Participant: 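So that we are looking at the same thing, I have put the structure below in structure tokens.
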Amino acid sequence: MNRVGVGVAAMVLGAAALAACGAVLADDRPKGPEEDGTKPALTRIAGEAMMNSHAYEYLTELSDDIGSRVTGSPAERKSEEWGAAKMKAIGLENVHLEKYTIWKGWTRGTAEAQLLSPTPHKLHVDAMGWTGSTVAGGAEGDVATVNLFDIDEEVKNVSRLKGKVVLVTQSGRPKKSFMLLFATFGDFLKAAHDAGAIAVIGGQGGSKSTGMNLTHTGILGFDVDFAIPVVSMTAEDQGQLERLIARGITPRIRINVQNTLTSGPVETANVVGEIRGREHPDQILVVGGHLDSWDLAQGTTDNGSGTATTLGAAEAIVRSGQKPRRTIRFVLFTGEEQGLDGSFAYMKQHAAEIQNHVGDLILDEGQGPVTDFMLGGRDDLIAAFQPFAASLGNLRTIKVNDKVESGTDTLPFSIAGLPGINMNQDTSDYKYTHHSAADALEAQKPDVLTQNTTLMALTAFWIADRPERLASPWPAERTAKMLRAQGEYEELKAFNIWPFGDLGAGAEPPVKH
Ligand SMILES: [Zn+2]
């Protein structure tokens, strides 16, 4: 249809709409791709994504040729160049790096431990990220336990830990949520160090390892480092220590951990490329995953999979020849593993255009099939999203909810009152590969990656192309209330990233006993 034709049709439709106001209102129900005009484009994009995807090739290159990518490390910096080169080759516009710094850099050295008595043998440990070192050559000490579920009391009682190797256990029932325990665990680590403890055995938030003979590294707060060495120990070794202690036997351990923290900030960068919108190029949907990873393996599932999915989705849309109404901005964030630093930096650097953002769409739950769209607090969008989710039924059944995902690059968008949409996944394998030595290419099934890539491409295009803008930022008070109602207040406050002061107070859920 030519432009004059469109204009005439619009006038006729407008007159009809005025004449039949009731009918228009009745037709206010949300429309999916069948009715909103996006389906022909989506069908082409799905074809490209399913039949022509290079996502698995991208993931193979990233895993085998670059490997682990700790934020600020030479390998991570190399991956930025790799990501930008891929974006250019795919045909994205405005491809560039957006530099920022994180507070400190960290390099893993060695971590060794031996059980000296009662039954001498090697213990399998790896250092947690951004933690310190023992004295050179290591130290020896008896094992003393602290109960994570009683961590508030343990913090007050650290003098007994002088000269001990601290083993974090979990007995009884937790009195607060995992994320709150996580935050308090940081206070405990500082106190234990000041009290003269040698080292701490415990994972993220004091958790115990999962899987056969695996350790799981990770950060212990948002942008925090700890002088005390903290190590993740395999469940098998830790289990033996716990059983000995339960029988009244005090294990004695030798432990030697050597890591290096930089004295100041280190540079890193988010990788950005766009498909510009054909009608509203100023309106932006961010689509991405994170490029940085931990360093015990290749960082395939956390979050090479999200990186490859993002690049594959961009490629499918570009190759389909379809142009969305609004701009899709593909972003490979870095610094995610240190506290969502890349996405927080993005919000700062783009503060002037956040009002023009429609939301962000992130895949960062590993290698499994997508199960849910978590709309990041925006309950008002569920009805609009349902018909779209239903249209994906031939690919996969995907549920829609309004939950906030605070553990990845969705959170800064949710804090801005935008839908930080998390493409939640089946994590039955991810719990083993997460931050462990098993996070390698073997963990990702190509067909699942292709399907997730297709789903991301379709979701990104539908949001960017549907006739009506999906979302604008909520005002701060509504956002603060929503975050409180979703139980985020205490956690964000404990991690020093609650930005709303007293705003929205009283919206917290009732305390569960
Ligand atoms: Zn991740």
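Just so you know, these numbers come straight off a predicted model, no measurement behind them. Counting convention: from 1, in listed order, for ligands and their atoms alike.
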Participant: Is it the case that the side chains of Lys176 and Thr184 hold a donor-acceptor pair, with the cut-off being a distance below 3.5 Å and no angle test?
Facilitator: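 There is such a pair (donor and acceptor under 3.5 Å, judged by atom type) between the side chains of Thr184 and Lys176.
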Participant: Would you call the rings of Trp130 and Trp294 parallel, tilted or perpendicular, where under 30° means parallel and over 60° means perpendicular?
Facilitator: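 It falls in the perpendicular class, over 60°.
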Participant: Tell me the ring-ring contact (aromatic ring centres under 6.0 Å, His included) pairs involving residues 437-466, sequence neighbours left out?
Facilitator: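 The answer is Phe385-Trp462, Phe388-Trp462.
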Participant: Give me the ring orientation class for Phe188 and Phe185: parallel if the planes are under 30° apart, tilted from 30 to 60°, perpendicular past 60°.
Facilitator: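 Because their plane-to-plane angle is under 30°, the rings of Phe188 and Phe185 count as parallel.
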Participant: Flag the pair Arg108 and Asp295 as a salt bridge only when some basic side-chain nitrogen lies within less than 4.0 angstrom of an acidic carboxylate oxygen.
Facilitator: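 Salt bridge: yes.
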Participant: Please list, in chain and residue-number order, the protein N/O/S atoms closer than 2.8 Å to the Zn ion (ligand 1).
Facilitator: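 Listed by chain and number, the atoms are His290 NE2, Asp302 OD1, Asp364 OD1, Asp364 OD2.
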Participant: Report yes or no: do Ser209 and Ser232 form a side-chain donor-acceptor pair below 3.5 Å?
Facilitator: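 Distance-only check passes for Ser209 and Ser232.
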